[in-house]
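Each remark here refers to the structure printed beneath this line.
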Amino acid sequence: MVIPLKPLALAKSRLADTAGDGLRPGLALAFAQDTVAAALACPAVRDVVVVTDDVLAGRELTALGARTVPDEPRSGLNAALAHAAAVVRGERPDDALAALNADLPALRPQELTRVLAAAAQFPRSFLPDAAAIGTTLLAVARGRELLPAFGTDSRARHRASGAVELRLDAVDSVRQDVDTGEDLRAALALGVGPRTARAAARLLIPGQ
């Protein structure tokens, strides 16, 4: 499992209406910690590799049991994922591979297991996000290239690239990424991990 994480100081700018500059880095780290912890607890996941240049995030996520690799291309999200995928494939060429967003604080291991089991039926597949616009997970069978197309309208771009869209019920925690205050409220309603719960308790979120 490859998880990309941009430098915390630059992360989650769209949460500006909910979290100030002093809180957003800590919130982004909490999202990543809960995401990584849940992924590591998933029986279908053998290893979690986080691609990041953030020193604090690298240290904290390594403490949870993840490995980190630097974002050597420094050319955006998809280049970072392709680089990390190449590193992993260099070590384990016969393993299946998946890329997962770092902002899934409500992630449940059992739901991730269901998604990965469904993905294993196809050479390359993806799971759309809760908004049905983006992508939270992209998976490939062994011997297949990841070919990530994350970013704006990534659902449409992954479909256009030939990846199979996974249509699953009851995997909301794998689909609920957090970019906005509304997303965060939705994740909190699902039930977030302990680090996000602590970080979110510092925020004044309308409607909570």
Side-chain angles (χ1 to χ4, degrees), residues 1-40 47-88 97-107 126-131 133-139 146-155 157-158 174-184 186-187 192-193 195-196 198-200 202-203:
M1 184 73 69
V2 177
I3 298 177
L5 181 63
K6 67 172 61 175
L8 297 176
L10 305 176
K12 298 299 152 194
S13 59
R14 291 171 60 191
L15 277 172
D17 62 341
T18 302
D21 291 345
L23 294 178
R24 282 201 308 278
L27 199 58
L29 177 58
F31 293 167
Q33 288 173 305
D34 285 334
T35 300
V36 166
L40 286 167
D47 194 14
V48 172
V49 176
V50 179
V51 53
T52 186
D53 281 336
D54 193 285
V55 175
L56 172 61
R59 182 170 67 244
E60 295 295 324
L61 298 174
T62 297
L64 291 176
R67 294 191 296 137
T68 61
V69 298
D71 179 9
E72 292 181 357
R74 293 184 176 86
S75 298
L77 173 60
N78 291 310
L81 280 171
H83 167 66
V87 170
V88 172
L97 180 69
L100 184 72
N101 287 7
D103 58 351
L104 299 169
L107 185 63
F126 73 97
L127 186 74
D129 65 8
I133 297 171
T135 301
T136 58
L137 179 141
L138 175 67
L146 191 62
L147 302 177
F150 287 87
T152 305
D153 297 325
S154 64
R155 179 190 184 191
R157 291 197 288 153
H158 280 131
V174 196
R175 299 184 64 198
Q176 188 58 67
D177 54 354
V178 177
D179 290 316
T180 67
E182 182 178 355
D183 295 336
L184 180 54
V192 296
R195 299 163 189 83
T196 300
R198 287 194 295 269
R202 301 181 183 181
L203 306 178

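For this chain, numbers begin at 1 and follow the sequence in order. The structure displayed is predicted, hence computed values, not measured ones.
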Check this for me: K6, atom NZ, are more than 12 non-hydrogen atoms of other residues, nucleotides or ligands nearer than 6.0 Å? no
* **Within-4.5 Å side-chain heavy-atom neighbours: L61 and L5** => yes
Shortest non-hydrogen pair, T35 vs A102, comes out as OG1-O, 3.3 Å
message: Tell me whether T52 contacts the main-chain N or O of D54 through its side chain, where contact means a donor paired with an acceptor under 3.5 Å.
response: yes
Inset, instruction - With the side chain counted from C-beta on, respond yes when L138 and L146 share a heavy-atom pair under 4.5 Å apart, and no when they do not. - result: yes
Discussion item. Any non-hydrogen side-chain atom of T62 less than 4.5 Å from a side-chain atom of R67?
Written reply: no
CD (Q176) and OG1 (T136) are apart, to the nearest 0.5 Å, by 9.5 Å
In terms of heavy-atom contacts, G65 and L40 come closest through C-CD1, 3.9 Å
Rounded to the nearest 0.5 Å, the CG atom of L100 sits from the CE atom of M1 at a distance of 5.0 Å
query: Would T135 and L127 satisfy side chain to side chain contact (heavy atoms under 4.5 Å, CB included), going step by step from the backbone distance to the final call?
result: CA-CA 6 Å; T135 301; L127 186 74; 5.9 Å; no
Margin query: With a 3.5 Å distance limit and no angle check, can you tell me whether D103 reaches the backbone of A32 through a side-chain donor-acceptor pair?
Written below: no
Nearest heavy-atom approach of A39 to V48 is CB-CG2, 3.9 Å
Inset, instruction - Report yes or no: does R157 contribute a side-chain atom to a donor-acceptor pair with the main-chain N or O of T152 at less than 3.5 Å? - result: yes
Are L29 and L56 close enough that some pair of their side-chain heavy atoms sits under 4.5 Å apart? yes
Item to complete: Please check if the side chain of H158 supplies one atom and the backbone of S154 the other of a donor-acceptor pair under 3.5 Å.
Response: yes
CG of D71 to OG1 of T68, rounded to nearest 0.5 Å, is 12.0 Å
Here the gap from K12 atom NZ to L184 atom CG, rounded to the nearest 0.5 Å, amounts to 10.0 Å
key: Sub-4.5 Å side-chain heavy-atom contact between I3 and V51   = no
What one should report as the nearest heavy-atom pair of A66 and V36 is CB-CG1, 3.8 Å
Closest heavy-atom pair, A85 versus L97, reported as atoms and distance to 0.1 Å, is CB-CD2, 3.5 Å
**Prompt:** Do F150 and L81 have side-chain heavy atoms sitting under 4.5 Å apart?
**Reply:** yes
Distance col, row F31:CZ vs L107:CG, nearest 0.5 angstrom, shows 13.5 Å
Of all heavy-atom pairs linking N78 and A149, the shortest is OD1-N, 3.5 Å
Contact check, side chains of E60 and L64, non-hydrogen atoms, under 4.5 Å:
no
One should read off an interatomic distance between S13 OG and R24 CZ, to the nearest 0.5 angstrom, of 6.5 Å
Just wondering, do R155 and D129 contact through their side chains at under 4.5 Å, heavy atoms?
no
